[in-house]
Protein chains: 2
Amino acid sequence: MSRPNLDNRERIITAANRLFYIKGYNQTSFADVANELEISKGNLHYHFRSKDDLLKAIISFRIDMVKGNLAKWEQAYPEPIDKLRRFVQMLINEEADIVRYGCPIGSLNMELGKFQLELRDLSRELFELFRRWLEKAFKQLGHKDSKALSLHLLTMAQGAALLTYVYADKKLLKAECNKIINWIEAL
Amino acid sequence: MSRPNLDNRERIITAANRLFYIKGYNQTSFADVANELEISKGNLHYHFRSKDDLLKAIISFRIDMVKGNLAKWEQAYPEPIDKLRRFVQMLINEEADIVRYGCPIGSLNMELGKFQLELRDLSRELFELFRRWLEKAFKQLGHKDSKALSLHLLTMAQGAALLTYVYADKKLLKAECNKIINWIEAL
DNA sequence: GTCTATAATACGATAGAC
DNA sequence: GTCTATCGTATTATAGAC
């Protein structure tokens, strides 16, 4: 591992987060996570009593990551239009992963909604963090329908990520992101 | 059942198709399907040797359904712009299911891509059927970038379905469909 | 074609030694 | 905190009677 000083709990979260994204939650077993880190399943159960428990920790971990990124962007991009541009840039930056595994937030929400009804609210918060931040930027640009605009931007981003993944075509992502940027600047 | 004269193979396909949509493929067991139809698991295995086999049959079943619908629309809507409108209308018609379970094509592609690499081509064909049909309509309207337009329309539709599902909000679907219709008519 | 019974495996979870 | 060993269960799949 690149960060050997992490304690196991953090290492488990890091590894499980990646595996849940790449393989999906249902297709990832405790054995998979344990093998990845070369620790025992019993150790895993010491840190997380159940798989449900681990999932909750992963979602919370992702929520914290998103909050952290948004806080950085808030500092780095004072202009609201640059905030919107930065959101789209995220898709470009994550191109390689999106092509192979889709959007981590969209795919998790899709998967959980079909069986984990209690966790839908928590995973939806990943969308809401971005949406509220985007809504604020639209509002600062003087738009009255800023909430609808934020939802529309998320819609286009999710659609772009899904189609890019299905067709495994990075050109598709680039083309859709250009359309989104044009839409933002034409508003 | 509403159609008691169907033989078991067809009844299995109908039931499994619905369960794979509602619960997801990985969360649907042979026992689930058998219980739904009140038949034995052994009977199920007589008609489909493996779960993989059943999945292939379901995808083929869906492909045939889409082909059938497109053939009907081809007859009913000679004007290309009406073809595009009809595609969007499909989302409105399926509102209740989309709110609860998402888009059947999008969610299946998302789920399969994460572990069933061999079946990605087959499930992608569900997108391609719609895309080629839409591309033809755009072409008839005189657009040179008809392929890009077809992909963009699919992108917006998938994004709308996903957000509608995540927020469980039918108003969101309606709003996004209106935006899509406006985009089509403004082209 | 449909059933019951059962094999074989994988998984989530627990107990107890260290 | 980490390990090994094991339990209980669910799941896919097969065998054989009817």
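Naming convention: chains lettered A, B, ... in sequence-line order (proteins, then strands); numbering from 1 in each chain.
Judged by the 6.0 Å distance and 45° axis criteria, A/Arg120 is positioned over the aromatic ring of B/Tyr165.
When side chains are defined from C-beta on, B/Ile58 counts as touching B/Leu54, because their heavy atoms get closer than 4.5 Å.
Remark on the helix from C/dG1-D/dC18 to C/dC18-D/dG1: inter-end axis angle 10°, axes from five-pair C1' superpositions, rounded to 10°.
Using a 4.0 Å heavy-atom criterion, one finds that B/Phe30 contacts the sugar-phosphate atoms exclusively. Heavy atoms of A/Ser40 sit under 4.0 angstrom from at least one base atom.
Between B/Leu55 atom CG and D/dT12 atom P the separation is 12 Å, expressed in whole Å. The NZ atom of A/Lys51 sits 15 Å away from the C1' atom of D/dT9 (whole-angstrom rounding). Taking atom CG on B/Asn26 and atom C1' on D/dT12, their separation rounds to 13 Å, with Å as the unit. When the P atom of D/dA13 is taken as reference, atom NE2 of B/His45 falls 5 Å away, rounded to whole Å. Per the geometry, CD belonging to A/Gln27 stands 13 Å off P belonging to D/dT11, to the nearest Å.
Side-chain contact annotation: B/Thr14 with B/Asn17, donor-acceptor N/O pair under 3.5 Å absent. Checking A/Asp52 against A/Gln116 by side-chain atom types alone, a donor-acceptor pair falls below 3.5 Å. Remark: the A/Glu94 side chain and the A/Tyr101 side chain contain no N/O donor-acceptor pair separated by less than 3.5 Å.
When the shell of 6.0 Å around NZ of B/Lys139 is examined, it contains 12 or fewer heavy atoms from other residues, nucleotides or ligands.
Between B/Asp53 and B/Lys56 there is no salt bridge, since no side-chain nitrogen of the basic residue lies less than 4.0 Å from a carboxylate oxygen of the acidic one.
Taking 4.0 Å as the cutoff to heavy atoms of chain A, we find the contact window on DNA chain C bounded by C/dC11 to C/dT14.
Between B/Phe138 and B/Trp183, the two ring planes are perpendicular [angle over 60°; tilted spans 30° to 60°].
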